[in-house]
**Q** 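Structure provided below as structure tokens; questions to follow.
All figures in this text were calculated on a predicted structure; none of them were measured in a lab.
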Protein chains: 2
Amino acid sequence: MKQKENQLKAFLQKGHLHYMPGVSVDNVIFGFHENQLKVLLLQANTGKFWMLPGGFVQKNEHIDEAAARVLQTRTGLDNIFLQQFHTFGQPRRSSNKVLIETFHSLEVPFDEDHWLLQRFVSIGYYALVEYDKVHPEPDELSRTCTWHDLDRLPSLLLDHKDIIMKALEELRLRLNYQPVGYNLLPEQFTMKNLQSIYETLLGRELDRANFSRKILSFGILDRKRKQFSGGAHKAPFLYSFNKKKYFRALEKGLGRDF
Amino acid sequence: MKQKENQLKAFLQKGHLHYMPGVSVDNVIFGFHENQLKVLLLQANTGKFWMLPGGFVQKNEHIDEAAARVLQTRTGLDNIFLQQFHTFGQPRRSSNKVLIETFHSLEVPFDEDHWLLQRFVSIGYYALVEYDKVHPEPDELSRTCTWHDLDRLPSLLLDHKDIIMKALEELRLRLNYQPVGYNLLPEQFTMKNLQSIYETLLGRELDRANFSRKILSFGILDRKRKQFSGGAHKAPFLYSFNKKKYFRALEKGLGRDF
DNA sequence: TACTATTGTGTCATATTGACTCATTAATAC
DNA sequence: GTATTAATGAGTCAATATGACACAATAGTA
């Protein structure tokens with residue numbers, strides 16, 4: 001892992017040439033597995049704290065691109081809908097403990113003015129991705145990258161817990177306007193699958209029949225002839241998202257205005 | 001105006017000691033006058049372009065505080081609900097024309113590395129304020145500060161038009177969850193006044209009777225005995241916001257969930 | 001005093017929502 | 001093979017919300 005170490009060193013020493021100062025991006029990446037909502041987290045090389053997959057904004061890069069790049073490098077996923085939901089800017093957001101330990105362990109000289117030790121404002125994005133398609137990949141500063149149950153989060157760095165909670169809050173609000181599920185489910189899925197997602201995101205149970213009626217009324221699903229089998233009991237229909245209608249709804253909203 | 005000039009010089013030369021690099025705040029300040037929705041804009045000292053009242057984030061200041069400070073200095077208003085709605089981060093947001101002209105006119109030496117000439121990411125906030133209470137105050141870089149009709153905006157700097165449009169879009173979405181009007185209307189007002197605001201914000205007409213029914217169902221209004229008179233025809237009731245219930249609704253939402 | 005424009009209130013048809021029921025059916029147990 | 005079981009698709013019905021409209025009341029004006 002000499003190579004990774006060298007990359008990290010270069011990043012620490014020359015990052016200020018490539019990245020904007022003071023601005024970072026943090027992604028709350030939601031996945032869904034065994035009827036549980038999961039969040040992708042990294043564990044710092046030094047110390048026990050976990051953190052959100054985040055990164056910095058290249059000097060000539062759109063912040064949305066930066067978020068997409070972070071998502072791509074951590075999960076291997078491309079072309080995923082990322083929603084910017086809030087920017088976090090308390091004055092003492094940054095704790096430099098992890099960084100300073102890293103400097104020491106790599107024997108990289110640094111001073112107080114080092115770009116990474118300054119205050120950062122972080123722009124939060126969330127994404128909903130298909131659990132099975134993700135290949136979690138730690139970054140230079142972390143040793144692990146794994147999923148965590150949303151209701152059993154480990155100790156998190158800084159305000160990262162707040163960021164996750166805010167993401168969930170905003171996501172719940174947007175559930176009324178934006179369809180959900182496209183990157184979260186496989187190509188074909190049952191109504192029950194989709195309902196589970198909504199239930200988990202909302203944190204409460206929904207009536208089966210009413211849910212189905214409502215979702216179908218959005219007109220974003222195509223029903224397949226093929227039936228799912230393998231589970232016990234009656235075979236449910238399989239559905240897929242009508243990509244065209246789904247993305248129109250994503251842009252134009254689901255039409256629940258004042 | 002020698003003093004203002006000196007302030008500006010100091011800001012240009014020493015700003016980097018006090019403010020975060022690369023991060024700014026822009027406020028979309030909505031007012032309501034003669035049944036028109038207005039936005040407060042500044043006109044640059046040099047050139048004809050108008051811009052949003054904005055500013056920088058002090059090194060030890062919460063971004064929300066920075067937005068509140070900008071609002072306070074431009075309008076004299078304090079304690080106003082400011083909603084962060086989006087962060088704008090295209091790579092070529094900043095046009096340095098205005099700045100460079102300013103450097104020249106003040107004979108302040110500068111080079112490419114000057115902190116203000118770097119790329120900035122801007123955090124957008126909107127506020128709804130009482131038109132008559134505002135005392136518009138230009139900043140160091142501008143010569144005027146006045147209201148503009150939302151549907152007759154002048155030529156705006158950079159992406160400031162996009163910012164205004166996005167603010168309106170987000171505001172419209174939030175109209176379903178958040179009550180509106182508290183800082184927009186005087187202490188007492190008629191149902192018609194409030195309806196006009198909603199109509200203007202939404203850009204369409206609403207049924208009088210249905211609007212009244214719906215707003216009253218939120219339970220955030222107190223009806224006064226006193227009747228408004230002076231206008232022609234039947235005297236309407238006067239209402240005021242029940243501050244306690246209003247702010248509970250602002251936090252907890254108006255209860256229109258999935 | 002009559003007229004007019006606007007307001008408070010009420011009605012009614014329609015749409016949406018929440019809580020159920022019931023027949024159907026795929027896998028499992030017998 | 002047949003009965004059992006549990007989940008599914010479809011449907012019902014009352015409660016509620018919404019959109020469109022009607023009508024009497026009334027403050028100023030003619």
**Q** Nearest whole Å is fine: how far is C:dT17 P from A:Leu254 CG?
**A**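 The distance from CG of A:Leu254 to P of C:dT17 comes to 12 Å, rounded to the nearest Å.
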**Q** Is there a donor-acceptor pair closer than 3.5 Å between any side-chain N or O of A:Arg74 and the backbone N or O of A:Glu137?
**A**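 Confirmed, A:Arg74 side chain pairs with A:Glu137 backbone.
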**Q** So if I apply the side chain to side chain contact (heavy atoms under 4.5 Å, CB included) rule between B:Leu41 and each of B:Thr144, B:Val28, B:Leu153, which one comes out positive?
**A**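 Going through the options one by one, the only one that passes is B:Leu153.
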**Q** Whole angstroms only, please: what is the CG-P distance between B:Leu216 and D:dA17?
**A**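 Taking atom P of D:dA17 as the reference, CG of B:Leu216 is at 14 Å.
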**Q** Base contacts versus sugar-phosphate-only contacts with protein, heavy atoms under 4.0 Å: please encode nucleotides 20-25 of chain D as B, S and - from 5' to 3'.
**A** BB---B
**Q** Specify the closest pair of heavy atoms between B:Lys245 and B:Ile220, including all atoms of both residues, with the distance to one decimal.
**A**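 Taking B:Lys245 first and B:Ile220 second, the nearest heavy atoms are O-CG2, 3.8 Å.
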**Q** Between A:Arg204 and B:Ser212, which residue's closest nucleotide on DNA chain C lies nearer the 5′ terminus?
**A**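 Counting from the 5' end, the first nearest nucleotide belongs to B:Ser212.
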**Q** Between the side chain of B:Asn242 and the main-chain N/O of B:Lys244, is any donor-acceptor distance below 3.5 Å?
**A**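 Yes, the answer is positive, given that a donor and an acceptor are paired below the 3.5 Å cut-off.
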**Q** Take atom CD of B:Gln195 and atom P of D:dG19, then tell me their distance rounded to the nearest Å.
**A**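 Distance check: B:Gln195 CD to D:dG19 P gives 13 Å.
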**Q** Establish, with yes or no, whether the OP1 or OP2 oxygen of C:dT16 is under 4.0 angstrom from a side-chain nitrogen or oxygen of A:Lys214.
**A**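 A:Lys214 to C:dT16 OP1/OP2: no side-chain N or O under 4.0 Å.
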**Q** Side-chain contact, heavy-atom cut-off 4.5 Å: B:Ile123 with B:Gln84?
**A**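 Yes, close enough: below the 4.5 Å cut-off.
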**Q** For the pair made of CG in B:Leu202 and C1' in D:dG19, what is the distance, rounded to whole Å?
**A**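 Distance check: B:Leu202 CG to D:dG19 C1' gives 16 Å.
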**Q** In whole angstroms, how far is the P atom of D:dT18 from the CZ atom of B:Phe211?
**A**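 Between P of D:dT18 and CZ of B:Phe211: 13 Å.
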**Q** Do you know which two heavy atoms are closest between B:Gln36 and B:Asp151, and how far apart they sit?
**A**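 In this case the closest contact between B:Gln36 and B:Asp151 is OE1-OD1, 3.7 Å.
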**Q** Take atom NE2 of A:His233 and atom P of D:dG9, then tell me their distance rounded to the nearest Å.
**A**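 Value for this atom pair: 14 Å.
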**Q** Atom NZ of A:Lys192 and atom C1' of D:dG9: how far apart are they, to the nearest Å?
**A**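 Going from NZ in A:Lys192 over to C1' in D:dG9 covers 14 Å.
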**Q** In whole Å, I'd like the distance from the CG atom of B:Leu194 to the P atom of C:dT7.
**A**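 Answer to the nearest Å: 13 Å.
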